[in-house]
Every structure is written in C-alpha cells, then in structure tokens.
Amino acid sequence: MEKITAIRGFKDILPEDSDTFWKVETIARNIFKSFGFREIRVPIMEKTELFQRSIGETTDIVEKEMYTFSDRGNDNLTLRPEATASIIRAYIEHNMYAAEQITKLFTIGPMFRRERPQKGRFRQFNQIDVEMFGEDKPQSDAEVIFMLMYFLNSAGLNNLELEINSLGCGKCRPKFSPAVIDFLLKTGKGSLCPDCERRINTNPLRVFDCKVETCASIIANAPKIIDFLCPECEEHFSQVKSFLNDLSISFSINTRMVRGLDYYTKTAFEVKSTVLGAQNAVAGGGRYNGLVSFLGGPEVPGIGFAVGCERLIACLPDENSNAFKTDIFIAALGKQAQKKAFGLTNELRRAGVIAEMDYSDKSLKAQLKKADKLNSSFACIFGDKEIEEKQAVLRNMHTKEQQTIPVDELPKSLIKILKER
RNA sequence: GUGGGUGUAGCUCAAUUGGUCAGAGUGCCGGGUUGUGGCCCCGGAGGCUGAGGGUUCAAGUCCCUUCACUCACCCCA
C-alpha cells in the first residue's frame, strides 16, 4: 500500500513546534490587547473576486499563486493568500465603521499561496495579521510599527532591521510612475534583465526591488518616490519618522522598497531578519487609505501588517526545549492495583495533575523506566502489596527519596503534595 | 514556472573501480535472578536502499523516467 503524504508545501506542525506557536500567539494576543486590538476570526475562503479587487489583478499573487477553484455549486472561490482583504470585507459587511470611529483588529491563522517551497516559504503558512481602520494621523502609523517591533522583540527576535518608505498617495503617485517609466525606457532600455523589461509595462515600481546587479546600478540613479511626494504625504512621512524616533524605534529608509500589493499608500514598512536566508522578511505592512472604499465601504483610512509565524519561529534561537513533562507516574503492580490505579490516575488528571500509568502490568523496573522517559517528577508505587498494607510509596524521581502515603488518602494527599511543590 | 543539490532502518549517516553490502550510531522493546528509572553490559525487533523501467552474469552503486525533499531565481510573511 502506497502511503499518502501531505500536500507539497503543506506542513504538519508537530507537538514540539506546536508549543512554540502557542507561545508566540499568546504573546501576540496579550500585547495587541494592551494596544486596544481585538481578535476577529474570518473564513479561510472567500469569493475569488475579493482578492482580485483588493490585491490587484496584475500582482503575482493573483496572477499565479492563488488556490482558486469552483466548488460543486460552481461558485468561484479562493483560499485566502492574505488576511487584509477578508478583514476589510468583514469590516464593511458588519458596518463596523458605524459603531466606532477607530476599529483595531487582528487575526491569526493560515494563508495559502501556491509558490515553489523553499526555506521560510510554504504553500500553507500562518500569519499574525493586524489592521487599524479610521485613523490617518501619523501617530497611528508609528503606533502600529511600535507595536510590531515590541511584539517581535517580546517573542525573542533580536537581529531585526526595520525599513520604511513612503509610497505616496493617489495624488503623487500618478506623477511619479510616468517619470520612472520614462527613465527606464531612456536609461535602462536593453540593459535591464528580462524580468525588469517586462515590469516596465506591467508594474514599473517593482523594478526597484530587482536584485540583479546591473538593474540595481541603473536604478540607483532613478527618480525616487520620496522626491515626488505631495506636501501632505511628505508631511505625513516626516511626522511618522519623528514619532518613531520619539519612541526610540530605530529604522532605515529604503527608497527602493515598493511592496508587492497594489493597495498600499503612504507608509510602507518591512522587518527583515539577518538570519533567515533568502526569504528574510519576517513582517511587512503599510497604509492603504483607498482600499476600504474601493471594496465598497466608506472612505475610511487603514493601516496594517502581517507577521509570518513560521519565519518568526525560524529565527528564534532554538534553546527552548519543549520537552513534555509529567507530574506523576502511577506504577501499578498486580490485578487489583491496576484496577484501582486506573481510577486514581484519572482522578488526578481531573484535578489538573499531569498523570500517566501503564496498562500492561509490566515489571516495576519497566514502569519506572517509562516514568523516567515521560520526564515524570514523581512515581507512585502502587501494588497489591501496598493495598494490602494500606501504604503506597511516593518516589521523587530526581532525589530518589521515597515516602509512604496512606492508601485511603490517596488522591487527596498526592494532589496536595504535587500542587504545593 | 526555471535552475542546482539530495533521496539507504523512526532519526543521523556508512557501504573501495558495479561483485556476500544491506551496516553503524542513536532511538525503540526486552534481559542482567526475587518489586525500584537514568550509567554500564547483553539480546531483539525494524529497510522491496523514494517509485518505475533499462544496461549487465551481477546494481544503493551506471542510464532514462517519475515523485518527494532541499536551496536559489521569481515573488512574498
């Protein structure tokens, strides 16, 4: 029989790693809460149209990475490649903008992108996603970035680089794009890499991101977005920088950072780790002031970011040994003891004690071996003999010290000892 | 989608120019006398050498195909 394996790029998160995910998510929830963000859980699938409209028809995500299919009712559906679109959809659908001026939301869960897997990149991966609606003040940009950095540091990340940029708005971008295209056609024609030649027509701003050396050297002299910002965007950007400085957040300005999704305006930012390899972006985000209305909602500004959980965990120093610990192992010897121990073990568990036993009536030696393997702090030796003498033995597995406990006080005194240690 | 690397016991890896090559360590199970774990010693289970085809007297070892994993490009978290 041929064995069935998981889908390519889809990973099982095994118990050892699951603990780490749990820790990271808990830190996120607690920190976000203190900034006033509340959790929203949105579906994993949406109508394809939602992503096409929000992310942009010509982006790589929409063009070739989405898991899109028709279901049995011929509805055109897509497994979400990111969370922002779904959250905005929910925000509009439930008229959340009417209930309050500012809405702060976050969600945690899996995203799907059909890319070629590599280090730090999977087809199903988890993101922690944060969105804030209704506020356009530069403080909010700084607040969100500050919260992100605070979270990443709290999760245990150290070697991080924060890069920010401004992408302008609907007023300044139309002036900038033609300037870039013009420059590329004049200066770069023929010397750009094939990908960039193509980008001139499809998405000229992306040329800025190219890593090919010849392209990079050409682009070094290209017009910069920040030189084209309208007075409003310029003021906003300088305020953001100023507030970040006030919050002691160090950053660098990357005028070539453009980000892959079409909807960003004004502030864009990215957090990179130096220890990850090629896929070094741990988190990224930005402002998207036109998107809510573009998706059918009111004119409400928004800003948000996403953190890649797998990438975050990948750059965590791997000291955390998530060894499973057991409080007590009940070593039952004999038929009668087995029967009573079964009740005892479950009684202990009901009291919140991590208790284990063995059902096969093995030798005491084998059972203690098992207790040791389970990383048990204590072993309770509980045989027919102990029942006879009405005294069970409690063995401390670290110190080897043993004490006797009256059998008829059994669950109670064990719970007491274990809770008080 | 494109390119490179890799695929041998649960895990990490060995197997001279194709010729007893199917191994080691670790892990797992058991034992080292009567009811006391970790160390040590001994024993045991466990592999159609990723899959399919070909060359050969003979193939983990060569060739082809395929699948998977992995790294990089592309793009992004």
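The figures that follow rest on heavy atoms only: side chains count, while hydrogens, waters and symmetry mates do not.
A/Gln402 comes within 4.0 angstrom of a nucleotide base, judged by non-hydrogen atoms across all strands. Backbone-only engagement by A/Gly284 is indicated by non-hydrogen atom pairs under 4.0 Å involving sugar-phosphate atoms exclusively. At a threshold of 4.0 angstrom between heavy atoms, the contacts of A/Ala306 are confined to the sugar-phosphate backbone, with no base atom among them.
Glycosidic conformation, B/G54: anti, with the torsion outside 90° of 0.
Note: A/Phe35 and A/Phe146 have tilted aromatic rings, judged against thresholds of 30 and 60 degrees for the angle between ring planes. The aromatic rings of A/Phe133 and A/Tyr91 lie parallel to each other, their planes meeting at an angle below 30°, with 60° marking the opposite boundary.
At least one donor-acceptor pair closer than 3.5 Å links the side chain of A/Ser376 to the backbone N or O of A/Phe329.
Residue pairs meeting the ring pair (Phe, Tyr, Trp, His ring centres under 6.0 Å) criterion with at least one partner in residues 352-388 of chain A, sequence neighbours excluded, are A/Phe342-A/Tyr359.
Taking atom C1' on both nucleotides, B/A59 is separated from B/U49 by 11 Å, rounded to a whole Å.
For A/Lys362, the side-chain contact (heavy atoms from CB on, under 4.5 Å) partners at least two apart in sequence or on another chain are A/Asp358, A/Ser360, A/Ala366, A/Gln367. For A/Lys340, there are no side chain to side chain donor-acceptor pair (under 3.5 Å) partners two or more places apart in sequence or in a different chain.
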Protein-nucleotides 38-43 of chain B N/O pairs closer than 3.5 Å?
residue	atom	partner	partner atom	Å
B/G38	O4'	A/Asp372	OD2	3.2
B/G38	O6	A/Lys400	NZ	3.4

Restricting to nitrogen or oxygen on both sides, can you table the protein-nucleotides 69-72 of chain B pairs closer than 3.5 Å?
residue	atom	partner	partner atom	Å
B/C69	OP2	A/Arg8	NE	2.9
B/C71	OP2	A/Lys119	N	2.8
B/A72	OP1	A/Ala278	N	3.2
B/A72	OP2	A/Gln118	NE2	3.1

For RNA chain B, the dot-bracket notation using Watson-Crick and G-U wobble pairs below 3.5 Å, [ ] for pseudoknot-type crossings and | for other-strand pairs, is (((((((..((((.....[...)))).(((((.......))))).....(((((..]....))))))))))))....
